[in-house]
Amino acid sequence: MRNDTRRSHGGTSTKDAAGHGQGQRPTASKSRPGRISQKRRSGSRVLTIATWVLGLMMVFPFVWMIIQALQPNDARFAYPPIPDPARFTGDGFATAVGSGEIITWLRNSSIVALVSTAISLVAGAGAAYALARYRGRSVSASGFLILASQMVPPVVVMVPLFSMVTWAGLFDSLTAVILGNVAFTLPVVTWMLSGSFRAIPIELEEAGMVDGCNRLGVLFRITLPASLPGVAAAAAFSFNWAWQEFLFSRLVISSGENWVGGMGIASFLGVFDTPWDAVMAATVIFTVAPVLFFLMAQRGFVNSVGGGLKG
Amino acid sequence: MRTLESTTTTTVSTRRRHRVPTSWLFLMPTMAVMTLLFFWPLWQAASMSVTDTTGAGSLTLDHYRRVLDDPRFGNSIWVSVRYTAGVVAGSLGVGIAVALLLDRAMAGRAVLRALFIMPWAMPFVATALIWRWMLDSQYGIVTYLLGLLGFDDVPNAFNSELALMTVSTIEIWKTFPLAAIMFLAGMQTVPREQYEAAALDGAGAWRRFRYVTVPGLRHTTRVLTLLLTLWVFGRAFMVIFLTTGGGPAGNTETMVLLTYLQGFGQFDLNGAAALGMIVLAIASVLTVIYLRMARDEK
């Protein structure tokens with residue numbers, strides 16, 4: 001390193017003497033990181049391997065879940081619990097998909113998750129736009145309330161919310177579940193969206209206004225499309241929450257035909273006398289939807305969650 | 001940011017007359033829904049916690065007295081403190097380690113990032129189901145592997161003094177991706193030149209981390225600690241509910257879980273409301289302390 005420094009200094013002075021002062025800086029800074037990365041290369045490989053090992057360890061529960069879904073039912077209680085790939089079968093998935101029960105749960109979960117997400121996005125986008133682009137007492141008070149609501153443990157609100165939906169005659173309906181979800185996803189979605197709206201250059205909107213858009217038009221034609229990754233992230237968050245919510249739904253849903261996926265899968269917990277391959281297959285199917293959604297919205301998360309932090 | 005603000009004011013001032021009504025139109029749907037589904041229930045909870053259910057609706061502190069006298073309350077505070085501290089520290093630690101590992105140019109970086117984000121996306125019920133199966137004291141793969149390593153008499157992960165550690169570990173596994181994502185986003189805001197300058201000054205990897213990364217992430221860490229603390233203390237009881245249910249003997253019964261069980265296990269809704277208000281008070285105190293600390297540091 002030291003030798004290297006001296007050499008480049010020498011080089012610089014000759015170049016300077018030759019009157020190439022302008023070219024000196026880029027060459028120096030270009031050679032430097034090159035040297036460092038060469039030195040670090042062996043350590044870098046170790047770190048890359050470590051990253052892969054850690055990453056694979058973190059997804060092991062997923063892998064194990066899929067393996068369990070592929071194992072025939074009688075291999076469930078085998079000891080040692082090492083799976084035998086030769087015996088893998090799709091029977092579990094066939095049973096799961098064939099059972100009307102599981103399909104019903106997944107259908108209900110889809111309805112709940114999609115409607116909750118739609119409501120949160122539509123209502124949240126407006127408020128987020130106001131938070132990002134307007135100033136004034138009512139705006140900052142709303143911003144404060146939305147943020148402060150995050151401090152409130154949901155369980156506090158759950159008790160009266162339960163009484164409320166029962167009073168409104170919504171007990172044992174998917175509407176009750178949707179309302180419960182929106183109560184918790186709406187403030188988060190609003191906050192995430194306002195973070196990504198702030199990142200959109202206001203000049204873009206001004207151009208739209210010059211072209212004759214009103215504020216609502218600007219929001220739908222310019223701001224929303226421009227912050228699509230952030231919208232995707234907020235949608236993924238909301239969908240994921242509503243998809244797996246279970247603590248409130250188990251209170252307000254009673255009849256089997258209205259069960260959502262979370263309730264269905266939780267009903268197998270601690271029960272040993274069940275078709276485990278089908279249960280695991282159902283769980284795999286139940287897991288795939290939010291995971292895919294998340295992976296698609298990944299980039300948006302980094303930007304909008306991070307952007308929200310900065311603002 | 002500064003340019004943005006100044007442009008905003010000029011834009012808005014040209015349409016000054018419309019400012020208040022328009023912003024209200026944008027805000028109204030959200031605020032209406034939140035008032036109906038959040039603030040009104042919150043007010044209801046507060047009034048339920050002091051309403052005398054035996055008399056003619058007069059005010060009373062009986063519900064508070066009842067839940068505070070219950071030995072489960074004191075226990076739940078202690079469990080909550082240990083659970084929150086453990087999970088927040090664990091998530092921050094694993095999160096920053098993963099963020100540092102991912103913040104490098106390497107083969108398959110996009111795939112790796114997807115791998116690390118997956119636990120966050122896994123539904124809680126699925127998480128509980130598979131972890132219970134993996135850690136099963138007879139048929140679990142983890143139990144088996146520990147046995148191979150010579151740990152033969154490992155106590156039941158969910159039904160022994162290990163229970164709190166087990167549920168904390170599962171919760172960390174579920175939460176660290178959020179911390180990693182935020183740290184990763186925070187790292188992008190640290191100017192590259194600072195690293196280059198530090199490297200030129202001969203700083204090694206550790207010193208670059210200590211004197212460039214850590215100060216650069218101060219804001220992220222601060223916000224993240226508050227978020228995670230509120231989240232873990234006030235919300236995260238799904239894993240516990242689905243694995244140990246608070247047991248054995250209240251070993252994993254946090255305050256929020258106790259509130260939920262009081263309300264919907266024993267159907268003491270007024271007692272649950274009282275407990276909920278106590279939980280809310282603690283969460284508020286935590287926030288205020290934290291904001292004070294953040295302000296004093298500046």
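In this text the structure is predicted, and so the values were computed from the model without any measurement. Convention: sequence-line order gives letters A, B, ...; per-chain numbering from 1.
- With A/Q244 contributing its side chain and B/F124 its backbone, the two residues share a donor-acceptor pair below 3.5 Å.
- For the pair A/S194 (side chain) and A/A132 (backbone), a donor-acceptor distance under 3.5 Å is absent.
- With a threshold of 4.5 angstrom between heavy atoms, B/W43 does not approach chain A through any atom at all.
- When each of A/G180, A/P290, A/S149 is checked for heavy-atom pairs under 4.5 Å with chain B, A/S149 comes out on top.
- For the set A/A130, A/P154, A/G262, A/G124, the entry with the most heavy-atom pairs within less than 4.5 Å of chain B is A/P154.
- Heavy-atom distances place the side chain of B/T287, and not its backbone, under 4.5 Å from chain A.
- When the shell of 6.0 Å around CH2 of A/W52 is examined, it contains more than 12 heavy atoms from other residues, nucleotides or ligands.
- If you measure heavy-atom distances from B/F176 to chain A, the contacts under 4.5 Å come from the side chain alone.
- Both the backbone and the side chain of B/M118 have a heavy atom closer than 4.5 Å to some heavy atom of chain A.
- Note on B/A273, B/S49, B/A45: by heavy-atom pairs under 4.5 Å with chain A, the leading option is B/A45.
- Between B/Y139 and B/Y144, the ring center distance fails the sub-6.0 Å criterion.
- Checked by atom type, the side-chain pair B/R222/B/Y290 shows no donor-acceptor distance below 3.5 Å.
- Between chain B and the residues A/V157, A/V155, A/L247, A/I146, the largest count of heavy-atom pairs under 4.5 Å involves A/L247.
- Proximity to chain B (any heavy atom under 4.5 Å) is shown, for A/I119, by neither the backbone nor the side chain.
- Taking B/R235, B/M34, B/Q44, B/M106 one by one and counting their heavy-atom pairs under 4.5 Å with chain A, the maximum is reached by B/R235.
- For B/L27, the parts lying under 4.5 angstrom from a heavy atom of chain A are both the backbone and the side chain.
- A heavy-atom distance below 4.5 Å is found between the side chains of B/R132 and B/F158.
- Chosen from B/L242, B/V279, B/L280, the residue pairing most often with chain A at heavy-atom distances under 4.5 Å is B/L242.
- Closest heavy-atom contact between B/P41 and B/T35: CD-O, 4.0 Å.
- Ring orientation note: the planes of A/F60 and A/W64 are close to parallel, at an angle under 30° on the 30°/60° scale.
- Residue contact with chain B, scored on non-hydrogen atoms closer than 4.5 Å, involves the backbone and the side chain of A/T287 alike.
- Using the six-membered ring where Trp is involved, B/Y260 and B/F241 have ring planes that are perpendicular, over 60° apart on the 30 and 60° scheme.
- The parts of B/F38 that come within reach of chain A are both its backbone and its side chain, each placing non-hydrogen atoms under 4.5 angstrom from that chain.
- Taking the six-membered ring for Trp and thresholds of 30 and 60 degrees, B/W173 and B/W131 have ring planes more than 60 degrees apart, a perpendicular arrangement.
- Looking only at atom types and distance, the side chain of A/Q68 has no donor-acceptor partner in the side chain of A/W276 under 3.5 Å away.
- Within the 4.5 angstrom heavy-atom criterion, atoms from both the backbone and the side chain of B/M122 approach chain A.
- Put simply, of B/T259, B/L42, B/L112, the one with the most heavy-atom pairs under 4.5 Å next to chain A is B/L112.
- Of the listed residues (A/L131, A/V159, A/V139, A/T283), the greatest number of heavy-atom pairs within a distance under 4.5 Å of chain B belongs to A/V159.
- Contact count against chain A (heavy-atom pairs under 4.5 Å) is highest for B/T30 among B/L100, B/T30, B/T127.
- Ranked by heavy-atom pairs shorter than 4.5 Å toward chain B, the options A/R250, A/E205, A/M280 are led by A/R250.
- Nearest heavy-atom pair, A/P61 versus B/I130, reported as atom, atom and distance to 0.1 Å: O-CG1, 3.5 Å.
- Among the candidates A/M164, A/E245, A/R137, the residue making the largest number of heavy-atom pairs closer than 4.5 Å to chain B is A/M164.
- Contact annotation for B/F233: neither backbone nor side-chain heavy atoms come within less than 4.5 Å of a heavy atom of chain A.
- Ring geometry, A/F293 versus A/F239: the interplanar angle falls from 30° to 60°, so the pair is classed tilted.
- Interface remark: B/V142 contributes no atoms to any contact with chain A (heavy atom separation under 4.5 Å).
- A salt bridge does not link B/R208 with B/D103: none of the charged nitrogens is closer than 4.0 Å to a carboxylate oxygen.
- Taking chain A as the reference chain and counting heavy-atom pairs below 4.5 Å, the highest number among B/T243, B/L115, B/I141 is found for B/I141.
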